[in-house]
**Q** 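Just passing along the structure, written as structure tokens.
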Amino acid sequence: MVIESWKPEDTFLLGKKLGEQAAASSVYCLNGDLGVGKTVFTQGFASGLGIKEAVNSPTFTIVQQYDDGRLPFYHFDVYRIGDVSEMEEIGYEDCFYGDGVSLIEWSELIEEILPETIISITIEKDLEKGFDYRKITVEGM
């Protein structure tokens with residue numbers, strides 16, 4: 001499925017819709033260059049899960065957990081991960097295979113440990129279509 005987002009609110013609303021549909025043990029892999037709107041998408045996703053707390057990218061902590069929604073939400077940012085073994089240290093398996101929902105930014109960096117079934121979301125800019133335009137591809141649903 002390919003969605004065109006013409007403004008950040010569109011990206012937020014798509015994230016919210018997918019968050020509303022998310023089921024326990026789901027793993028969402030969110031990829032795209034810096035500044036494409038991954039955080040806006042994630043904030044919408046968290047809103048769809050019913051999370052009221054402010055959601056920001058956990059760049060320096062690798063994972064941030066939110067428990068105030070309808071399911072536990074594990075927001076990973078693995079951009080600065082040095083080695084996949086760091087994921088074991090933080091107990092990624094409990095997140096990926098537990099009762100919550102995981103969303104992983106920069107998931108291509110940890111492909112070897114991802115579950116067989118994932119939902120992949122790629123956000124891309126196309127400046128020819130406008131500064132706020134994004135092409136969002138969702139696969140695996």
Side-chain angles (χ1 to χ4, degrees), residues 1-127 129-141:
M1 159 171 66
V2 175
I3 295 95
E4 292 185 305
S5 171
W6 296 94
K7 56 188 185 278
E9 294 82 5
D10 295 340
T11 301
F12 181 93
L13 289 173
L14 175 61
K16 183 174 182 178
K17 178 181 173 185
L18 293 179
E20 289 169 346
Q21 298 171 0
S25 299
S26 296
V27 175
Y28 291 78
C29 295
L30 181 58
N31 297 295
D33 292 333
L34 290 169
V36 296
K38 292 186 299 291
T39 300
V40 169
F41 177 91
T42 302
Q43 289 167 340
F45 192 90
S47 176
L49 286 169
I51 294 167
K52 305 290 185 225
E53 188 177 341
V55 173
N56 294 300
S57 191
T59 301
F60 295 101
T61 58
I62 301 178
V63 65
Q64 180 67 45
Q65 180 174 339
Y66 302 90
D67 292 315
D68 63 333
R70 65 178 178 83
L71 294 168
F73 177 46
Y74 307 104
H75 179 202
F76 290 84
D77 183 333
V78 298
Y79 183 74
R80 287 187 169 74
I81 198 163
D83 187 88
V84 171
S85 64
E86 291 177 48
M87 293 294 289
E88 292 175 18
E89 293 171 18
I90 61 172
Y92 80 91
E93 289 177 324
D94 292 338
C95 301
F96 289 6
Y97 302 104
D99 294 332
V101 176
S102 297
L103 186 142
I104 309 158
E105 295 186 40
W106 303 99
S107 64
E108 67 272 13
L109 299 173
I110 60 165
E111 279 181 323
E112 61 265 34
I113 63 168
L114 292 174
E116 263 186 54
T117 304
I118 60 168
I119 296 153
S120 176
I121 300 141
T122 304
I123 304 176
E124 301 169 284
K125 288 183 182 183
D126 184 345
L127 293 177
K129 292 188 176 186
F131 180 77
D132 288 330
Y133 174 85
R134 301 296 186 264
K135 178 178 134 183
I136 305 173
T137 306
V138 180
E139 299 173 300
M141 291 194 71

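Heavy atoms only: backbone and side chains are in, while hydrogens, waters and symmetry mates are out.
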**Q** Tyr79 and Glu105: side-chain donor and acceptor closer than 3.5 Å?
**A**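 Judged by distance alone, the side chains do not pair up.
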**Q** Could you go through the side-chain contact (heavy atoms from CB on, under 4.5 Å) check for Tyr66 and Leu49 one step at a time?
**A** CA-CA 10 Å; Tyr66 302 90; Leu49 286 169; over 6 Å; no
**Q** Rounded to the nearest 0.5 Å, how far apart are CD of Gln65 and CZ of Phe76?
**A**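 Separation between the atoms: 9.0 Å.
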**Q** Of the options Lys125, Glu124, Glu4, which is the one that meets Tyr133 in a side-chain hydrogen bond (donor to acceptor under 3.5 Å, both in side chains)?
**A**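 So, applying the side-chain hydrogen bond (donor to acceptor under 3.5 Å, both in side chains) to Tyr133 and each of Lys125, Glu124, Glu4, only Glu4 qualifies.
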**Q** Heavy atoms, side chains only, cut-off 4.5 Å: are Leu34 and Trp106 in contact?
**A**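 Touching, per the 4.5 Å side-chain cut-off.
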**Q** Any side-chain heavy-atom pair from Leu30 and Phe45 closer than 4.5 angstrom?
**A**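 No - every pair of side-chain heavy atoms lies 4.5 Å or more apart.
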**Q** Please determine whether the number of non-hydrogen atoms from other residues, nucleotides or ligands lying under 6.0 Å from atom CG of Asp99 exceeds 12.
**A**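 Not buried by this count: 12 neighbours or fewer within 6.0 Å.
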**Q** Within the structure provided, determine whether Asp68 and Lys52 are in side-chain contact (heavy-atom separation under 4.5 Å).
**A**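 They are in side-chain contact.
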**Q** Fit a plane to each ring of Phe96 and Tyr92, take the angle between them on a 0 to 90° scale, and name the class: parallel (under 30°), tilted (30 to 60°) or perpendicular (over 60°).
**A**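 Plane angle over 60°, so perpendicular.
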**Q** Just by distance, do the side chain of Lys38 and the backbone of Asp33 share a donor-acceptor pair under 3.5 Å?
**A**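 Answer holds: yes.
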**Q** Hey, what do you get for CD1 (Ile51) to CZ (Arg70), rounding to the nearest 0.5 Å?
**A**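 CZ of Arg70 is found 9.5 Å from CD1 of Ile51.
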**Q** Taking the side chain as every heavy atom from C-beta outward, state whether Glu53 and Val55 have any pair of such atoms under 4.5 Å apart.
**A**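 Glu53 does not reach Val55 side chain to side chain.
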**Q** Which pair of heavy atoms, one from Tyr74 and one from Cys95, lies closest together, and at what distance?
**A**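 Heavy-atom minimum between the residues: CD2-SG, 3.5 Å.
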**Q** Could you grab the distance from atom CZ of Arg134 to atom CZ of Phe41, nearest 0.5 Å is fine?
**A**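 So the gap between those two atoms works out to 14.0 Å.
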**Q** For Ser85, check side chain to side chain donor-acceptor pair (under 3.5 Å) against everything at least two apart and list the hits.
**A**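 Expected list: Asp83.
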**Q** To check you understand the geometry: which heavy-atom pair defines the closest contact between Pro72 and Asp67, and what is its length?
**A**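 Closest approach of Pro72 to Asp67: CB-OD1, 3.8 Å.
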**Q** Check whether any side-chain heavy atom of Leu114 sits under 4.5 Å from a side-chain heavy atom of Cys29, and report yes or no.
**A**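 Yes, side chains in contact.
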**Q** Counting C-beta onward and ignoring hydrogens, is there a side-chain heavy-atom pair between Trp6 and Lys129 closer than 4.5 Å?
**A**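 Side chain of Trp6 against side chain of Lys129, heavy atoms only: contact under 4.5 Å found.
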**Q** Less than 4.5 Å apart, side chain to side chain, heavy atoms only: is that true for Ile119 and Leu18?
**A**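 SC-SC contact between Ile119 and Leu18 ruled out.
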**Q** Verify whether one side chain among Ser107 and Asn31 offers a donor that lies under 3.5 Å from an acceptor in the other.
**A**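 Yes, because at least one side-chain N or O of Ser107 sits under 3.5 Å from a partner of the opposite role on Asn31.
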**Q** Evaluate the side-chain proximity of Asp10 to Ile136: yes if any heavy-atom separation is below 4.5 Å, no if none is.
**A**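 Not touching, per the 4.5 Å side-chain cut-off.
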**Q** On a heavy-atom basis, which atom in Ala23 and which in Val101 lie closest, and how many Å separate them?
**A**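 Here Ala23 and Val101 meet closest at O-CG2, 3.5 Å.
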**Q** Atom CD1 of Ile104 and atom CD of Glu111: how far apart are they, to the nearest 0.5 Å?
**A**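 Ile104 atom CD1 to Glu111 atom CD measures 11.0 Å (nearest 0.5 Å).
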**Q** Roughly how far, to the nearest 0.5 Å, is the CD atom of Glu93 from the CE atom of Met87?
**A**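 Answer rounded to 0.5 Å: 10.0 Å.
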**Q** Could you walk me through whether Val78 and Ile62 satisfy the side-chain contact (heavy atoms from CB on, under 4.5 Å) test, starting with their C-alpha distance in whole Å, then the side-chain angles of each, then the deciding distance to 0.1 Å, before giving a yes or no?
**A** CA-CA 6 Å; Val78 298; Ile62 301 178; 4.2 Å; yes
**Q** What distance do Thr42 atom OG1 and Leu103 atom CG have between them, rounded to the nearest 0.5 Å?
**A**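 Reported to 0.5 Å precision, the distance equals 4.5 Å.
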